[in-house]
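A short write-up of the structure that comes next.
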Amino acid sequence: MKEYANKYKVPIIKDEGLIFIRDLLKIKRPLKILEIGTAIGYSAIQFQNSCDCEVYTIERDETMYNEAVKNIKLANLSDKIHLVFGDALDIVEDFKDMKFDVIFIDAAKAQYLKFFVLYTKYLNDNGLVICDNMLFHGLVLQDNYDELSKSLRGLVKKLDAFREFLLVHSEYDTTIYDIGDGISVSVKK
Ligand code: SAH
Ligand code: MG
(Lines give C-alpha, C1' and ligand atoms only; values in the text may rest on other atoms or scores of the structure.)
(Ligands and ions follow the chains in the order given, each with its own letter.)
Protein backbone atom coordinates (compact mmCIF):
# COMPACT_ATOMS: atom_id res chain seq x y z
CA MET A 1 0.00 0.00 0.00
CA LYS A 2 2.89 2.31 0.75
CA GLU A 3 4.27 1.71 -2.74
CA TYR A 4 0.93 2.61 -4.30
CA ALA A 5 0.73 5.73 -2.14
CA ASN A 6 4.21 6.73 -3.21
CA LYS A 7 3.56 6.11 -6.87
CA TYR A 8 0.24 7.98 -7.00
CA LYS A 9 1.16 10.59 -4.41
CA VAL A 10 -1.53 9.63 -1.93
CA PRO A 11 -0.78 11.46 1.34
CA ILE A 12 -0.96 8.54 3.78
CA ILE A 13 0.09 9.11 7.35
CA LYS A 14 3.82 9.25 8.08
CA ASP A 15 5.49 6.38 9.93
CA GLU A 16 6.25 8.33 13.13
CA GLY A 17 2.69 9.65 13.28
CA LEU A 18 1.33 6.19 12.78
CA ILE A 19 3.48 4.66 15.52
CA PHE A 20 2.36 7.39 17.91
CA ILE A 21 -1.35 6.93 17.17
CA ARG A 22 -1.09 3.15 17.30
CA ASP A 23 0.42 3.46 20.79
CA LEU A 24 -2.39 5.78 21.87
CA LEU A 25 -4.94 3.29 20.58
CA LYS A 26 -3.28 0.42 22.40
CA ILE A 27 -3.66 2.39 25.64
CA LYS A 28 -7.12 3.76 24.91
CA ARG A 29 -8.57 0.49 23.58
CA PRO A 30 -11.44 2.11 21.67
CA LEU A 31 -14.34 -0.02 20.51
CA LYS A 32 -15.28 2.30 17.67
CA ILE A 33 -13.22 4.73 15.64
CA LEU A 34 -14.48 7.20 13.05
CA GLU A 35 -12.00 8.31 10.41
CA ILE A 36 -12.64 11.24 8.08
CA GLY A 37 -10.45 10.75 4.98
CA THR A 38 -9.87 7.08 4.10
CA ALA A 39 -7.73 7.49 0.99
CA ILE A 40 -6.66 3.90 0.18
CA GLY A 41 -7.47 2.53 3.63
CA TYR A 42 -3.91 2.45 4.93
CA SER A 43 -4.43 4.22 8.28
CA ALA A 44 -7.80 2.49 8.82
CA ILE A 45 -6.17 -0.94 8.50
CA GLN A 46 -3.27 0.04 10.75
CA PHE A 47 -5.63 1.41 13.41
CA GLN A 48 -7.83 -1.67 13.29
CA ASN A 49 -4.77 -3.91 13.69
CA SER A 50 -3.55 -2.04 16.73
CA CYS A 51 -6.69 -2.35 18.84
CA ASP A 52 -9.07 -4.80 17.21
CA CYS A 53 -11.72 -2.10 17.05
CA GLU A 54 -14.44 -1.33 14.55
CA VAL A 55 -13.56 1.46 12.15
CA TYR A 56 -15.98 3.63 10.21
CA THR A 57 -14.18 5.64 7.56
CA ILE A 58 -15.42 8.26 5.10
CA GLU A 59 -14.02 8.98 1.62
CA ARG A 60 -15.45 11.23 -1.09
CA ASP A 61 -13.09 10.37 -3.95
CA GLU A 62 -14.32 7.42 -5.98
CA THR A 63 -10.90 6.18 -7.08
CA MET A 64 -9.62 6.26 -3.52
CA TYR A 65 -12.77 4.63 -2.21
CA ASN A 66 -12.53 1.77 -4.71
CA GLU A 67 -8.88 1.25 -3.89
CA ALA A 68 -9.76 1.15 -0.18
CA VAL A 69 -12.51 -1.42 -0.79
CA LYS A 70 -9.92 -3.60 -2.53
CA ASN A 71 -7.30 -3.23 0.20
CA ILE A 72 -9.72 -3.89 3.02
CA LYS A 73 -10.96 -7.05 1.31
CA LEU A 74 -7.38 -8.19 0.82
CA ALA A 75 -6.72 -7.59 4.50
CA ASN A 76 -9.81 -9.64 5.35
CA LEU A 77 -11.22 -6.75 7.35
CA SER A 78 -14.49 -6.05 5.53
CA ASP A 79 -16.43 -6.96 8.67
CA LYS A 80 -14.38 -4.62 10.91
CA ILE A 81 -13.78 -1.64 8.65
CA HIS A 82 -16.88 0.04 7.28
CA LEU A 83 -16.20 2.20 4.26
CA VAL A 84 -18.58 5.06 3.71
CA PHE A 85 -18.57 6.76 0.31
CA GLY A 86 -19.49 10.44 0.42
CA ASP A 87 -18.49 13.93 1.44
CA ALA A 88 -18.16 14.02 5.21
CA LEU A 89 -19.75 17.47 5.23
CA ASP A 90 -22.96 16.08 3.69
CA ILE A 91 -23.50 12.79 5.48
CA VAL A 92 -23.22 13.66 9.18
CA GLU A 93 -26.74 12.41 9.85
CA ASP A 94 -25.82 8.92 8.64
CA PHE A 95 -24.01 8.45 11.94
CA LYS A 96 -26.73 9.75 14.20
CA ASP A 97 -27.25 6.51 16.09
CA MET A 98 -23.56 5.91 16.73
CA LYS A 99 -21.01 6.90 19.32
CA PHE A 100 -17.27 6.77 18.81
CA ASP A 101 -14.37 6.56 21.24
CA VAL A 102 -11.92 8.10 18.81
CA ILE A 103 -12.45 10.43 15.87
CA PHE A 104 -9.52 10.78 13.47
CA ILE A 105 -9.63 13.82 11.18
CA ASP A 106 -7.40 13.52 8.11
CA ALA A 107 -9.34 14.98 5.16
CA ALA A 108 -9.45 18.46 3.53
CA LYS A 109 -7.34 20.66 5.81
CA ALA A 110 -9.47 23.76 5.24
CA GLN A 111 -12.49 21.96 6.67
CA TYR A 112 -11.03 20.65 9.93
CA LEU A 113 -13.05 23.05 12.06
CA LYS A 114 -16.28 22.00 10.32
CA PHE A 115 -15.49 18.30 10.69
CA PHE A 116 -14.74 18.84 14.36
CA VAL A 117 -17.94 20.77 15.07
CA LEU A 118 -20.14 18.41 13.06
CA TYR A 119 -18.76 15.10 14.26
CA THR A 120 -17.84 15.61 17.91
CA LYS A 121 -21.51 15.24 18.79
CA TYR A 122 -20.87 11.55 18.17
CA LEU A 123 -17.91 11.38 20.54
CA ASN A 124 -18.21 9.50 23.81
CA ASP A 125 -17.23 11.18 27.08
CA ASN A 126 -13.49 10.74 27.57
CA GLY A 127 -13.21 10.24 23.84
CA LEU A 128 -10.29 11.46 21.76
CA VAL A 129 -10.18 13.60 18.65
CA ILE A 130 -6.93 13.10 16.77
CA CYS A 131 -6.00 15.29 13.79
CA ASP A 132 -3.20 14.71 11.30
CA ASN A 133 -1.17 17.30 9.37
CA MET A 134 -1.55 19.95 12.04
CA LEU A 135 1.89 21.39 11.39
CA PHE A 136 1.75 21.02 7.66
CA HIS A 137 5.37 20.10 7.01
CA GLY A 138 4.51 17.61 4.34
CA LEU A 139 3.49 20.19 1.85
CA VAL A 140 5.33 20.42 -1.44
CA LEU A 141 4.59 23.20 -3.85
CA GLN A 142 4.05 22.07 -7.39
CA ASP A 143 3.04 23.38 -10.83
CA ASN A 144 1.04 26.53 -10.46
CA TYR A 145 3.01 28.27 -7.77
CA ASP A 146 1.05 31.53 -7.69
CA GLU A 147 -2.32 29.82 -7.52
CA LEU A 148 -1.12 27.39 -4.93
CA SER A 149 0.65 29.89 -2.77
CA LYS A 150 -2.52 31.94 -2.54
CA SER A 151 -4.78 29.04 -1.63
CA LEU A 152 -1.99 27.74 0.55
CA ARG A 153 -1.98 30.94 2.54
CA GLY A 154 -5.70 30.52 3.07
CA LEU A 155 -5.19 26.95 4.19
CA VAL A 156 -2.45 27.81 6.63
CA LYS A 157 -4.65 30.56 8.10
CA LYS A 158 -7.52 28.11 8.52
CA LEU A 159 -5.29 25.55 10.19
CA ASP A 160 -3.93 28.25 12.50
CA ALA A 161 -7.47 29.24 13.44
CA PHE A 162 -8.40 25.62 14.04
CA ARG A 163 -5.34 25.08 16.23
CA GLU A 164 -6.30 28.13 18.29
CA PHE A 165 -9.90 26.91 18.50
CA LEU A 166 -8.73 23.56 19.88
CA LEU A 167 -6.29 25.02 22.37
CA VAL A 168 -8.86 27.34 23.97
CA HIS A 169 -11.82 24.93 23.79
CA SER A 170 -13.23 24.55 27.30
CA GLU A 171 -14.50 21.00 26.76
CA TYR A 172 -11.24 19.53 25.48
CA ASP A 173 -7.66 19.26 26.65
CA THR A 174 -5.51 19.51 23.56
CA THR A 175 -1.84 18.91 22.91
CA ILE A 176 -0.22 19.33 19.52
CA TYR A 177 2.73 17.02 18.97
CA ASP A 178 5.55 17.68 16.54
CA ILE A 179 5.45 14.11 15.33
CA GLY A 180 5.09 13.11 11.70
CA ASP A 181 3.28 15.99 10.02
CA GLY A 182 1.99 17.30 13.35
CA ILE A 183 -0.67 15.47 15.32
CA SER A 184 -3.16 16.99 17.72
CA VAL A 185 -4.78 14.97 20.46
CA SER A 186 -7.87 16.46 22.12
CA VAL A 187 -9.30 14.64 25.12
CA LYS A 188 -12.95 15.33 25.88
CA LYS A 189 -13.21 16.37 29.51
N1 SAH B 1 -6.10 8.68 6.37
C2 SAH B 1 -5.38 8.28 5.16
C3 SAH B 1 -4.99 9.46 4.28
C4 SAH B 1 -6.12 10.36 3.92
S5 SAH B 1 -5.66 11.53 2.67
C6 SAH B 1 -4.12 7.54 5.58
O7 SAH B 1 -3.35 8.09 6.38
O8 SAH B 1 -3.89 6.43 5.10
C9 SAH B 1 -7.10 12.56 2.70
C10 SAH B 1 -8.32 11.94 2.00
O11 SAH B 1 -9.44 12.68 2.44
C12 SAH B 1 -8.29 12.03 0.49
O13 SAH B 1 -8.40 10.75 -0.07
C14 SAH B 1 -9.50 12.90 0.15
O15 SAH B 1 -10.19 12.48 -1.01
C16 SAH B 1 -10.37 12.73 1.38
N17 SAH B 1 -11.27 13.85 1.66
C18 SAH B 1 -10.97 15.17 1.66
N19 SAH B 1 -12.03 15.90 2.03
C20 SAH B 1 -13.04 15.02 2.27
C21 SAH B 1 -14.39 15.17 2.67
N22 SAH B 1 -14.94 16.38 2.88
N23 SAH B 1 -15.14 14.05 2.85
C24 SAH B 1 -14.61 12.82 2.62
N25 SAH B 1 -13.33 12.63 2.23
C26 SAH B 1 -12.56 13.71 2.06
MG1 MG C 1 -2.72 13.05 6.82
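In listed order, ligands and their atoms are each counted from 1. These numbers come from the heavy atoms of this one structure, side chains and all, not from hydrogens, waters or symmetry mates. Since this is a predicted model, take the numbers as computed values, not measurements.
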Pull up every protein N/O/S atom sitting under 2.8 Å from the Mg ion (ligand 2), skipping waters.
Asp106 OD1, Asp132 OD2, Asn133 OD1

So which protein residues pack against ligand 1 under 4.0 Å, heavy atoms counted?
Pro11, Ile12, Ile13, Glu35, Gly37, Thr38, Ala39, Tyr42, Ser43, Ile58, Glu59, Arg60, Asp61, Met64, Gly86, Asp87, Ala88, Asp106, Ala107, Ala108, Phe115

How long is the straight-line distance from CZ of Phe85 back to CG of Asn66, given to the nearest 0.5 Å?
7.5 Å

What class does the angle between the rings of His169 and Phe165 fall in, given that below 30° is parallel, 30 to 60° is tilted and above 60° is perpendicular?
perpendicular

Would one find more than 12 heavy atoms of other residues, nucleotides or ligands at under 6.0 Å from atom NZ of Lys121?
yes

Flag if over 12 foreign heavy atoms under 6.0 Å of NZ, Lys189:
yes

Cluster question for you: counting only ILVMFWY and a side-chain heavy-atom cut-off of under 4.5 Å, with indirect links fine, are Met64 and Ile36 together?
no

Show me the pairs that pass side chain to side chain donor-acceptor pair (under 3.5 Å) and involve residues 69-81, at least two apart or across chains.
Asp52-Lys80, Glu67-Lys70

Say whether, by atom type as modelled, one donor and one acceptor occur between the side chain of Asp101 and the main chain of Leu31 under 3.5 angstrom.
yes

Does the plane of the ring in Tyr122 sit parallel, tilted or perpendicular to the ring in Phe100? Use 30° and 60° as the thresholds.
perpendicular

Sequence neighbours excluded - side chain to side chain donor-acceptor pair (under 3.5 Å) pairs with any residue from residues 16-33
Arg22-Gln46

